[in-house]
Peer 1: 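Dropping the structure in here first, questions after.
One-based numbering along the sequence shown.
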Amino acid sequence: MSTFLGPIHFWLYNKIGKQEELTKLMATTAEAKNWIENASAYTKELPALESVIDESNIHGWLQAAIADAESRYASLISNIADNIDDLKEMAYEFGKANAISSDLELAGIFKAFEDFFVNGMPCDHVNMVTSEEEDSLSWKMNQDIHEQYWNDIDGAYYYLLRKSIMDGMLENTGFMVEMEDIYHYTIKRK
C-alpha cells in the first residue's frame with residue numbers, strides 16, 4: 001500500500017476520468033432525448049487528484065472512486081438500456097474521439113486499452129495476455145470486476161458498450177478487436 005501519490009495513482013485516476021467522460025456524454029445525450037430527467041444525477045466532475053484524495057488511505061480512496069464511477073454508469077445504462085443501439089453508436093463515437101494512434105502495433109494497442117479502461121485496481125491483475133503472434137494478440141479477463149455494479153440489468157450491456165468503444169478507438173488503424181465472450185479478446189490485423 002502506497003503512502004504517497006505516485007504515477008500509478010494518477011494513471012488510475014485518469015482512467016476513472018475517461019469513465020466519467022463517457023457517463024457524462026451518455027447522460028447529457030439521454031437528457032436531451034428525454035430518456036432521463038436529470039443528467040447530473042449520473043455525472044461527476046473530477047477535480048485534481050491531489051486536491052481530493054485521502055493520502056492516509058490512497059488505495060481505499062481510489063477503490064471508492066472506481067465504485068462510485070462504475071455504479072453511476074451502471075445505473076444510467078440500466079435506465080436507458082431500451083436505447084441500446086443509440087448507446088452503442090455513442091460508445092463508438094466516444095472511442096473515435098479517443099482514437100488509438102495508427103502507428104501502434106499489437107502490444108501498443110493492448111497497452112492503450114489498459115491505459116484507457118477502468119479494470120479495477122492495478123493489483124487486481126484483471127487482464128492477462130494469453131497469446132501474442134505476428135498478426136494477433138489475445139488476452140483473457142481473469143475476473144469480471146464490473147458485474148458487481150450491474151445489479152439492475154445484465155452486465156453484458158457493459159461489455160457491448162466497451163466493445164463499441166474499442167471498435168471506435170481502432171477505426172483508423174489497421175487492426176480490429178474480436179470479443180469471443182466477455183472474458184476473451186483478440187486484437188488482429190484487418
Peer 1: Do any N or O atoms from the side chain of His184 and from the backbone of Asp181 form a donor-acceptor pair under 3.5 angstrom?
Peer 2: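 Side chain of His184 to backbone of Asp181: no pair is present.
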
Peer 1: Does the side chain of Glu171 pick up a donor-acceptor pair with the side chain of Tyr92 at under 3.5 Å?
Peer 2: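 Side chains of Glu171 and Tyr92: pair found under 3.5 Å.
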
Peer 1: Which class fits the ring pair Phe94 and Phe116: parallel under 30°, tilted 30 to 60°, perpendicular over 60°?
Peer 2: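 Answer is tilted, since the angle falls between 30° and 60°.
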
Peer 1: Phe117 ring centre to Arg162 NZ or CZ under 6.0 Å, with the angle to the axis within 45°?
Peer 2: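 Pair Arg162/Phe117 counts as cation-pi.
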
Peer 1: Would you call the rings of Tyr73 and Tyr158 parallel, tilted or perpendicular, taking 30° and 60° as the class edges?
Peer 2: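 Ring orientation of Tyr73 relative to Tyr158: perpendicular.
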
Peer 1: State yes or no: do Leu104 and Met169 share one hydrophobic cluster built from I, L, V, M, F, W and Y residues joined by side-chain heavy-atom distances below 4.5 Å, directly or via other members?
Peer 2: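 Shared cluster, yes.
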
Peer 1: Is Ser51 reaching over with its side chain to a backbone N or O of Pro47, donor-acceptor style, under 3.5 angstrom?
Peer 2: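 Looks like no, no N/O pair under 3.5 Å.
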
Peer 1: Does any non-hydrogen side-chain atom of Asn142 lie less than 4.5 Å from one of Met128?
Peer 2: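 In contact.
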
Peer 1: Report yes or no: does Tyr183 contribute a side-chain atom to a donor-acceptor pair with the main-chain N or O of Glu180 at less than 3.5 Å?
Peer 2: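 No.
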
Peer 1: Is the closest basic N to carboxylate O distance between Lys24 and Glu21 below 4.0 Å?
Peer 2: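 Looking at Glu21 together with Lys24, the answer is no, because their closest N to O distance does not fall below 4.0 Å.
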
Peer 1: Any non-hydrogen side-chain atom of Phe113 less than 4.5 Å from a side-chain atom of Asn127?
Peer 2: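 The answer is no, as the side chains (C-beta and beyond) never meet within the 4.5 Å cut-off.
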
Peer 1: Scan side-chain atoms only and decide if Tyr159 and Asp144 contain a donor-acceptor pair under the 3.5 Å cut-off.
Peer 2: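 Tyr159 vs Asp144: donor-acceptor pair found between side chains.
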
Peer 1: Hey, are Lys15 and Glu114 close enough for a salt bridge, meaning a charged N less than 4.0 Å from a carboxylate O?
Peer 2: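 The answer is no: the pair does not qualify as a salt bridge.
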
Peer 1: So, for Ala107 and Glu132, which heavy atoms are closest and what is the spacing to 0.1 Å?
Peer 2: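 Looking at all heavy atoms of both residues, the shortest contact is CB-OE2, 3.7 Å.
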
Peer 1: So which heavy atom on Thr173 is nearest to which on Ile100, and how close?
Peer 2: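 For Thr173 and Ile100, the tightest heavy-atom pair comes out as CG2-O, 3.6 Å.
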
Peer 1: Between the main-chain N or O of Gly60 and the side-chain N or O of Asn57, is there a donor-acceptor pair closer than 3.5 Å?
Peer 2: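 Yes, Asn57 side chain to Gly60 backbone: donor-acceptor pair under 3.5 Å.
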
Peer 1: Between the side chains of Glu134 and Arg189, is the shortest nitrogen-to-carboxylate-oxygen separation below 4.0 Å, so that they form an ion pair?
Peer 2: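 Looking at Arg189 and Glu134, the cut-off is not met.
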
Peer 1: Do you know which two heavy atoms are closest between Ile187 and Phe110, and how far apart they sit?
Peer 2: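 Closest approach of Ile187 to Phe110: CD1-N, 3.8 Å.
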
Peer 1: Would you say Asn98's side chain and Gly95's backbone share a donor-acceptor pair under 3.5 angstrom?
Peer 2: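 A pair under 3.5 Å: no.
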
Peer 1: Judged by atom type as modelled, is there a donor-acceptor pair below 3.5 Å linking the side chain of Thr29 to the main-chain atoms of Met26?
Peer 2: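 Judged by distance alone, no pair lies under 3.5 Å.
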
Peer 1: Minimum heavy-atom separation for Met141 to Ile182, with atom names?
Peer 2: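 That would be CE-O, 3.2 Å.
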
Peer 1: Would you say Ser131 and Ser138 are linked by a side-chain donor-acceptor pair, where the criterion is simply a distance under 3.5 Å?
Peer 2: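 No.
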
Peer 1: If you count every heavy atom of other residues, nucleotides or ligands that lies below 6.0 Å from Glu147 atom CD, does the total exceed 12?
Peer 2: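 Counting other residues, nucleotides and ligands, CD of Glu147 stays at 12 neighbours or fewer.
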
Peer 1: Are the side chain of Ser78 and the backbone of Ser75 linked by a donor-acceptor contact shorter than 3.5 Å?
Peer 2: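 Checking the backbone N and O of Ser75 against the side chain of Ser78, a donor-acceptor pair under 3.5 Å is found.
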
Peer 1: Run the ring-ring contact (aromatic ring centres under 6.0 Å, His included) check on Trp150 and Tyr157 step by step: do they pass?
Peer 2: CA-CA 9 Å; Trp150 295 77; Tyr157 282 93; 7.2 Å; no

Peer 1: Is it the case that the side chain of Lys163 and the backbone of Val177 share a donor-acceptor pair, with hydrogens and angles ignored and the cut-off at 3.5 Å?
Peer 2: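 Confirmed, Lys163 side chain pairs with Val177 backbone.
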
Peer 1: Looking only at heavy atoms, what is the nearest atom pair of Ile16 and Leu62, with distance?
Peer 2: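 Nearest heavy atoms, Ile16 then Leu62: CD1-O, 4.2 Å.
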
Peer 1: Answer yes or no: is there a donor N or O on one side and an acceptor on the other, between the side chain of Ser136 and the main chain of Glu133, under 3.5 Å?
Peer 2: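 Checking the backbone N and O of Glu133 against the side chain of Ser136, no donor-acceptor pair under 3.5 Å is found.
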
Peer 1: Taking the side chain as every heavy atom from C-beta outward, state whether Val52 and Tyr13 have any atom pair closer than 4.5 Å.
Peer 2: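 The answer is yes, as the side chains (C-beta and beyond) meet within the 4.5 Å cut-off.
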
Peer 1: Looking at Ser71 and Asp68, would you say the former's side chain and the latter's main chain have a donor-acceptor pair under 3.5 Å?
Peer 2: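 Not confirmed, Ser71 side chain does not pair with Asp68 backbone.
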
Peer 1: Work out which heavy atom in Phe175 is nearest to a heavy atom in Ile109; give both atom names and the distance.
Peer 2: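 Nearest pair, atom of Phe175 first, then Ile109: CD1-CD1, 3.3 Å.
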
